[in-house]
Amino acid sequence: MEISLSNFTVAASSHSGEGGDTFVEKTKPLAELNELGVHAKKHVGVGVSVREGVDADSVGVSVREGVDADSVGVFASEDVVQSTHDKVIAGYWLVKAVLDVALNRGANKNKLFRGTGIFEDALEPDSLISIKQYHLLLNNVQSQTKGADVSFLLGSALAAQWLHSPMHVLQTCDTLEALLTHLVQQQTFRWCSIPFCQFQCFTTNHKVMLIPQLTVGGAKLAQFVREVSFASIAALLKGIAKQRVSVSFNFTCARPKNIADFETHLGLKVAFNCPFNSMCIEKHALDEPMSTPVIHSPNMVTDKELGRYRLFERYPLISLPDYVRCHVYQTISAHNMGSALPELAEKLAISPATLKRKLKEFNTSYRQLSEEVWRNYALVLLSVHKANNEEAARQMGINDLPNFRRTVKRLTGKTPSELRLSNA
């Protein structure tokens with residue numbers, strides 16, 4: 001079983017032909033927004049098709065057509081968001097969704113914005129806020145609001161605004177596959193929908209698994225952000241695709257008391273105490289056509305307005321933690337378990353010490369991100385594909401089995417045998 005891994009979390013920008021990259025020209029009409037990749041070719045994929053020469057039961061993750069397998073290389077150092085103070089998030093719709101939910105759940109508007117540096121009356125559709133500002137805002141939401149379902153309500157509120165935001169162009173996707181690709185892969189849509197979550201994608205014979213990876217580390221907001229992200233994606237699939245999609249959700253946490261909230265917003269296919277957090281979609285659903293006609297609304301963002309948004313004038317930026325994860329995925333492909341921090345720092349044109357300091361700003365470290373990547377890889381190999389020790393060790397580039405068993409135990413807290421017995 002040969003397992004293929006690639007960088008589903010990254011999408012290449014389109015070349016302008018003048019030595020720089022452009023994401024969308026200012027005056028492109030909706031039907032010609034090819035740089036957005038909205039009219040994706042059928043079978044280009046959600047980064048999930050099994051590559052030629054790979055066994056059908058293996059984890060196959062392909063990149064978009066025209067994107068090099070060494071995907072992290074398509075981002076120059078200036079395309080990486082290296083500070084939480086960089087303003088890259090399309091704040092207008094996100095803040096509006098927060099207000100709609102939080103004020104109805106007992107929050108005080110002044111306290112919601114306290115310490116964030118966000119001023120409601122200054123927000124315009126093209127306003128950008130920083131990762132730090134949005135992080136502080138979500139912390140205030142958690143402390144100010146009442147109810148265990150606030151995360152799900154916020155995710156649904158974010159999705160409800162798609163028609164009036166730049167995301168309305170997604171209704172031109174012709175298949176569910178194309179829609180899902182852009183929702184969870186394209187950096188531009190990520191920054192105006194779920195900026196704190198990227199997904200790594202794996203595939204089995206029958207399902208596509210999306211494993212959430214958080215932009216900002218820390219346990220306080222982690223589960224909240226996962227719930228927001230899952231609820232937002234589920235609602236967007238329903239709202240844009242206008243069809244029931246067979247989706248299941250897995251959580252590592254214990255079964256919560258508010259299980260009804262999970263089932264209301266995510267559906268009945270929800271499981272807990274799982275090896276990893278994930279969102280799973282039946283493969284057969286990906287090719288289903290989306291015959292929903294293009295919706296026109298008086299409040300819809302016009303093509304001309306879309307072109308003016310600063311968000312679409314920028315490169316498809318990737319956060320530093322996600323860039324690091326992509327780099328680690330490359331070491332997996334090269335069967336190299338050694339630390340690549342100096343090499344990565346060189347790519348970013350900074351010193352290793354500066355890279356460590358910048359990652360600390362995101363409340364994470366190179367080691368934490370690296371171990372997260374290897375842990376997910378080991379879990380998929382052993383708990384999903386039930387690979388034997390020899391095969392799993394070979395895929396992970398580990399030469400001796402005792403070291404392999406120790407590594408898996410350290411990364412996951414379980415032995416390889418225990419993981420093969422688990423139900424993923």
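Between Asp287 atom CG and Asp174 atom CG the span is 10.0 Å, to the nearest 0.5 Å. Rounding to the nearest 0.5 angstrom, the gap separating the CG atom in Leu355 from the CG atom in Leu344 is 5.5 Å. Rounded to the nearest 0.5 Å, atoms CG (Leu179) and CG (Leu236) are 7.5 Å apart. Of the inter-residue distances, the one linking Leu123 atom CG with Tyr92 atom OH reads 8.5 Å to the nearest 0.5 angstrom. Note that the CH2 atom of Trp374 and the OH atom of Tyr329 stand 11.0 Å from one another [nearest 0.5 Å]. Between the NE2 atom of His85 and the CD1 atom of Ile131 there is a distance of 10.0 Å, given to the nearest 0.5 Å.
Val208 is listed as a side-chain neighbour of Lys283, based on a closest heavy-atom distance under 4.5 Å. You'll find the side chain of Asn108 reaches within 4.5 Å of the side chain of Gln144, heavy atoms only. Arg325 has its side chain out of reach of Gln198: every pair of non-hydrogen atoms, C-beta onward, lies at least 4.5 Å apart. Here the side chains of Tyr134 and Val216 are not in contact, with every heavy-atom distance at 4.5 Å or above. Between Ser151 and His265 there is no side-chain heavy-atom pair separated by less than 4.5 Å. Looking only at side-chain heavy atoms (C-beta outward), Thr84 and His135 stay at 4.5 Å or farther from each other. Contact of the Val245 side chain with the Leu180 side chain is not registered, since no non-hydrogen atoms from C-beta on lie closer than 4.5 Å. At a threshold of 4.5 Å between non-hydrogen side-chain atoms, the residues Leu94 and Trp191 do not count as touching.
Heavy atoms from other residues, nucleotides or ligands lying under 6.0 Å from NE2 of His206 number 12 at most. For NZ of Lys207, the number of neighbouring non-hydrogen atoms (other residues, nucleotides, ligands) closer than 6.0 Å is 12 at most. The local environment of CD in Glu346 is sparse, with at most 12 non-hydrogen atoms from other residues, nucleotides or ligands closer than 6.0 Å.
Side-chain N or O atoms of Gln142 include none that pairs as donor or acceptor with a backbone N or O of Asn139 at under 3.5 Å. Here the side chain of Thr412 pairs no donor or acceptor atom with the backbone of Lys409 at under 3.5 angstrom. At distances below 3.5 Å, at least one donor-acceptor pair connects side-chain atoms of Ser229 with backbone N or O atoms of Val225. Side-chain N or O atoms of Ser232 include none that pairs as donor or acceptor with a backbone N or O of Val228 at under 3.5 Å. Of the possible polar contacts, one joining the Thr331 side chain to the Val328 backbone as a donor-acceptor pair under 3.5 Å is found. Checking side-chain atoms of Gln133 against main-chain N and O of Thr116 turns up a donor-acceptor pair under 3.5 Å. No donor-acceptor pair under 3.5 Å is formed between the side chain of Ser156 and the backbone N or O of Ala235. The main-chain N or O of Ala178 is found under 3.5 Å from a side-chain atom of His182 such that the two form a donor-acceptor pair. At distances below 3.5 Å, not a single donor-acceptor pair connects side-chain atoms of Asn258 with backbone N or O atoms of Asp261. At distances below 3.5 Å, not a single donor-acceptor pair connects side-chain atoms of Asp86 with backbone N or O atoms of Val88.
At a cut-off of 3.5 Å, with distance as the only test, a side-chain donor of Lys269 or Ser246 sits close to an acceptor on the other residue. Residues Thr252 and Arg226 have side chains that never bring a donor and an acceptor to within less than 3.5 angstrom of each other. In summary, the side chains of Ser278 and Asn250 do present a donor paired with an acceptor at a separation below 3.5 Å, with no hydrogens or angles considered.
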Test log, rule side chain to side chain contact (heavy atoms under 4.5 Å, CB included), inputs Phe262 and Glu227: CA-CA 9 Å; Phe262 284 78; Glu227 292 171 4; 3.4 Å; yes
Verdict with supporting geometry, Lys356 and Leu341, side chain to side chain contact (heavy atoms under 4.5 Å, CB included): CA-CA 9 Å; Lys356 291 178 182 179; Leu341 187 146; 4.1 Å; yes
The test is side chain to side chain contact (heavy atoms under 4.5 Å, CB included); show your working for Leu170 and Leu183 and say whether it passes. CA-CA 8 Å; Leu170 293 176; Leu183 283 179; 3.5 Å; yes
Steps toward side chain to side chain contact (heavy atoms under 4.5 Å, CB included) verdict (Phe251, Cys274): CA-CA 6 Å; Phe251 293 91; Cys274 297; over 6 Å; no
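Remark: Lys132 does not engage Glu361 in a salt bridge, criterion side-chain N to carboxylate O under 4.0 Å.
Annotation for Leu379 and Pro275: closest pair CD1-O, 3.5 Å, computed over non-hydrogen atoms. In terms of heavy-atom proximity, Cys197 sits nearest to Pro212 at SG-CB, 3.5 Å. Taking each heavy atom of Arg190 and Ser319 in turn, the nearest pair found is NH2-OG, 3.9 Å. The two residues Phe276 and Ser383 come nearest to each other via the heavy atoms CE2-OG, 3.8 Å. Shortest non-hydrogen contact noted between Gln368 and Asn363 is OE1-O, 4.3 Å. Of all heavy-atom pairs spanning Leu137 and Leu112, the tightest one is CD1-O, 3.5 Å.
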